[in-house]
Amino acid sequence: MFGSKKNKGADEPLNEANELEYENAPLDGADAYDEYEDDYGYDEGYDSYDEGEYDEYDEYDDEYDDEYDEDEERPRSLGRTIAYMASVLIVSLVIAVCMWFAADDVLALTKPDNVVTITIEEGDTLEDVAQNLADHGLVRYKPLFILYGRFSHAEEKFSAGTFELNQLFDYHALVNGLAASSETRKTVTLTFPEGYTSMQIFDMLANNGVCSLEALEDAAANYEFEYDYLASLPYGEANRLEGYLFPDTYEFYASDDPVRVINKFLQNFESKFTDSMLEAIDQRNADIRQRMEEEGSFTQEEIDSAMLDTYKVLTIASLIEKEAGSDQERPFISSVIYNRLTTRVHELLQIDATVEYALGEHKTELTANDLGVDNPYNTYKYKGLPPGPIASPGLSSIMAALYPENTDYFFYALNAHGTHNFFFTYMEQQDFLNGVTTDVDPLPEKPDESAVAASGETDGEAVSGDGEDHDEAHPEDGEEPQEVPNVQ
């Protein structure tokens, strides 16, 4: 029988000579060896021995490595935990500090009590407003205010204007404080005297920060204000609203809208010019028509053209306003104007203030060249009323224009009291100017009409004078020589 031989714990087949059979086997290449190896299980036996012998060692080695790694990992895990906790604490602290500063800015917890004036321009965006607030110390963090503004729709509440805001205001108060009707909006109170022109009024508004001069002039010239009494006025001229800007005391917002500013004047005028005044215009027209018809030298077209409306009444009132030295004499100056408008004898009003308006400047003394300026407002050159008002008349002048005194005066002259003396004839006025008469009452009693007729004086002189000597101008249209009076 064949035996077997132990080889590293594995039985291997023996031949009859008790030799390993594969040792004497003919080798016919690697394939023959592989076939023999497969038949007798050499590799399987070796692998089984190899695995069986070292399994216990490998298990021990793995256990040792695990214990070693666990001991080494413990200090590492503790360090990482401490570092993580420290990082979380630092981040939390940073976040808390940031939230505190943000809350302080939003809620104004520690801001100073300080009032700051800022101006919001028309068309400013939320970003523009935020930058403006930041520049004035009202907010610290511009992006935070922009974020708040977007969530609260703040941009819809903002209004152009000048506002007085306190640094104590939180974001909510700042947004409300920039609204059009906010109590924090800066106001300007101004009093406009009677007799100011529209340009003087606009200058005063601009100089006090209410509106820019350019914006006011543009609104006056081109904006369509919804008042019936303005319907017939042409557009395009900055003095378009002359006479309608009622003189009074007004309160405006700083950096206000020019239309709203002008509208205050117009609303006030409308409230002052009552229905009874409109009825008085009809009565005045009836009187003018009667007087011109009795004159006998006016055509029907001229009479119709002389009829008054609100605009013409304001024109007469503005002349009275610029000429009168007291309320008492306003109706008498009004009577002189109407007397000249309804006669052929003294057709020219010859009022100095109209020349100044034509020149666009105030002059202490008017020269012959000034009186000859070719301008429709020059009542020394053009007959009848000027094209429109030359100033803003007060209520007393408007009433005087509606209710003139019933006189036959055609002349008046400035006296030493700052008021006027009134005269029927040119010679009377000249006597007064030359000092022939002294201590004359500003409003003398009307003399006997027969004495006036006996004097034979029918010609006249300039309506106003100041009691001083003047150079004479050349007469026009059969008028007496014109004096060059000083501006009153």
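Values reported hereafter were calculated over all heavy atoms of this structure, with side chains retained and with hydrogens, waters and symmetry mates removed.
- Defined by atom type and a distance below 3.5 Å, a donor-acceptor pair is present between the side-chain atoms of Y357 and N239.
- The pair R150-E127 counts as a salt bridge, with a side-chain nitrogen and a carboxylate oxygen less than 4.0 angstrom apart.
- More than 12 non-hydrogen atoms from other residues, nucleotides or ligands lie less than 6.0 angstrom from OH of Y235.
- Residue-environment remark: NZ (K312) exceeds the threshold of 12 foreign heavy atoms within 6.0 Å.
- Here the rule is ring pair (Phe, Tyr, Trp, His ring centres under 6.0 Å) with F265, and of F225, Y244, F192 only F192 fits it.
- For an aromatic pair to be called close, the ring centres must be under 6.0 Å apart, and Y171 with F145 satisfies this.
- Side chains of S335 and E405: a donor-acceptor N/O pair is absent below 3.5 angstrom, by distance only.
- Cation-pi check for R284 over Y338 is met; the charged atom lies under 6.0 angstrom from the ring centroid and within 45 degrees of its normal.
- Around atom CD of E251, more than 12 heavy atoms belonging to other residues, nucleotides or ligands sit under 6.0 Å away.
- Less than 6.0 angstrom separates the ring centroid of F269 from the ring centroid of Y229.
- Salt bridge R330/D327: present, at least one basic N to carboxylate O contact under 4.0 Å.
- Atom CG of N207 sits in a crowded spot, with more than 12 heavy atoms from other residues, nucleotides or ligands closer than 6.0 Å.
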